[in-house]
There are 2 protein chains.
Amino acid sequence: MSANASERLIEATRELLWERGYVGTSPKAIQQAAGAGQGSMYHHFAGKPALALAAIRRTAEELRAAAETELGGTGPAYTRIEAYLLRERDVLRGCPVGRLTMDPDVMADAELRAPVDETLDWLRGRLAEILQEGLDSGEFSPSLDARETAAAIVATAQGGYVLARAAGSPAAFDTAVRGLLALLSPRTAH
Amino acid sequence: MSANASERLIEATRELLWERGYVGTSPKAIQQAAGAGQGSMYHHFAGKPALALAAIRRTAEELRAAAETELGGTGPAYTRIEAYLLRERDVLRGCPVGRLTMDPDVMADAELRAPVDETLDWLRGRLAEILQEGLDSGEFSPSLDARETAAAIVATAQGGYVLARAAGSPAAFDTAVRGLLALLSPRTAH
DNA sequence: GTCTATAGCAGGATAGAC
DNA sequence: GTCTATCCTGCTATAGAC
């Protein structure tokens with residue numbers, strides 16, 4: 001947090017958006033967290049929406065990069081998906097992108113909503129590609145629909161955050177994920 | 001909306017909580033939607049948290065009753081779960097209970113959070129019972145873990161809302177659900 | 001670029017009249 | 001039970017000095 005003000009403002013906004021959502025985050029709170037005054041904030045950004053847009057875009061990019069770390073491997077499809085779902089994460093904080101979906105002011109603003117949509121869409125597409133690889137190599141049954149299965153995987157992760165936050169325990173996320181992985185596993189006939 | 005004021009206030013709060021969340025809902029907005037004045041609201045309820053608690057409890061009860069409609073049937077386990085997941089719903093509005101999970105002020109208040117936790121927990125437990133029935137009757141492979149699978153089902157639904165809202169289309173919910181159902185289906189070997 | 005002053009409006013609630 | 005008046009604080013910015 002010792003970079004320039006613009007940078008600190010974006011990072012502070014990212015944290016607050018993650019923690020409290022768009023509606024629950026005020027310019028004043030951002031300024032305090034960033035150690036910047038009002039003059040500074042309004043010099044660098046037109047207002048709260050503009051600053052949020054910069055923050056959301058960065059968060060979205062980071063999520064993609066993080067996902068690609070596990071998904072971009074060379075192992076079997078199932079193994080890469082498993083690694084992605086079980087990788088360490090701040091479960092109780094929720095998904096920094098997915099949570100924006102419940103923010104009415106974000107959904108109402110096409111510009112703010114676009115990066116959210118694109119990111120989740122990218123993730124679904126990426127998983128579908130990997131599932132297709134697994135299909136092509138005979139890893140999965142030919143009856144498996146890559147597109148629908150990919151959606152189910154992303155949904156399970158997103159819903160896992162919901163369950164974990166409701167229960168106040170990260171374990172609820174893992175339980176849901178393991179349930180899905182068992183259904184998907186080539187080693188588990190049922 | 002022609003009942004007494006207390007009733008109208010609770011219903012208005014339920015709508016606004018669903019639409020804008022707790023942080024995004026002001027007492028003034030509630031009063032306007034309910035057609036009640038401030039005096040009326042503060043006569044019936046101690047304040048915003050008390051009113052929200054009444055609203056959340058009612059919404060939670062309603063969700064359970066609605067779920068039991070499909071889950072309480074007599075058909076095969078898979079059929080009942082399928083009916084529950086595919087029943088008509090206001091997908092784009094999100095889950096009125098699950099969305100509260102992303103509301104920082106709800107999660108920070110033990111009283112407001114309890115009904116959310118209990119409802120999701122009940123749903124998971126109910127689904128686990130049904131899966132166990134299916135296990136006992138030989139409908140599913142013995143390798144299926146009822147508890148984990150139940151968590152995956154709830155998570156897929158919750159995440160389905162996230163995907164649908166991000167995409168701006170209810171179809172995204174159905175896609176995820178169908179992906180899960182295909183994995184769960186006794187008729188689909190893979 | 002950053003600071004301080006100022007502004008109008010909304011949030012959340014209390015008090016007392018009716 | 002409901003209404004109006006009032007209160008203080010916070011939200012989201014604009015203006016102009018430094």
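The model shown is predicted, which means the values in this text are computed figures rather than measured ones. Just so it is clear: chains get the letters A, B, ... in the order the sequence lines come, proteins before strands, and each one is counted from 1.
Ion pairing of A:Arg178 with B:Asp145 is absent here, as no side-chain N (NZ or NE/NH1/NH2) approaches a carboxylate O to less than 4.0 Å. Under the 4.0 Å criterion applied to side-chain N and carboxylate O atoms, A:Arg58 and A:Glu61 are not assigned as salt-bridge partners. By the 4.0 Å N-to-carboxylate-O rule, B:Glu11 lies too far from B:Arg8 to be salt-bridged with it.
Paired with B:Tyr161 under the rule side chain to side chain donor-acceptor pair (under 3.5 Å), one option of B:Arg89, B:Arg93, B:Arg99 passes, and it is B:Arg89.
The 5' end of DNA chain D is approached more closely, in terms of each residue's nearest nucleotide, by B:Ala5 than by the other of A:Gly47 and B:Ala5.
At a threshold of 4.5 Å between non-hydrogen side-chain atoms, the residues A:Arg80 and A:Glu133 count as touching.
The outermost nucleotides of DNA chain C lying under 4.0 Å from heavy atoms of chain B, listed 5' to 3', are C:dG11 to C:dT14.
Separating the CD1 atom of A:Ile30 from the C1' atom of D:dA13 is a distance of 13 Å, rounded to the nearest angstrom.
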Self-check item: Derivation and outcome, side-chain hydrogen bond (donor to acceptor under 3.5 Å, both in side chains), residues A:Arg20 and A:Thr25
Solution: CA-CA 6 Å; A:Arg20 304 200 35 90; A:Thr25 297; 5.4 Å; no
Atom pairs, N/O to N/O, protein against nucleotides 10-12 of chain D, distance under 3.5 Å?
unit_1	atom_1	unit_2	atom_2	d
D:dC11	OP1	A:Ser26	OG	3.4
D:dC11	OP2	A:Ser26	OG	3.4
D:dT12	OP1	A:Lys48	NZ	3.4

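Applying the ring-ring contact (aromatic ring centres under 6.0 Å, His included) test to pairs two or more places apart or on separate chains, none has a residue in residues 61-85 of chain A.
Of all heavy-atom pairs between B:Tyr22 and B:Leu112, the closest is CE1-CD1, 4.0 Å.
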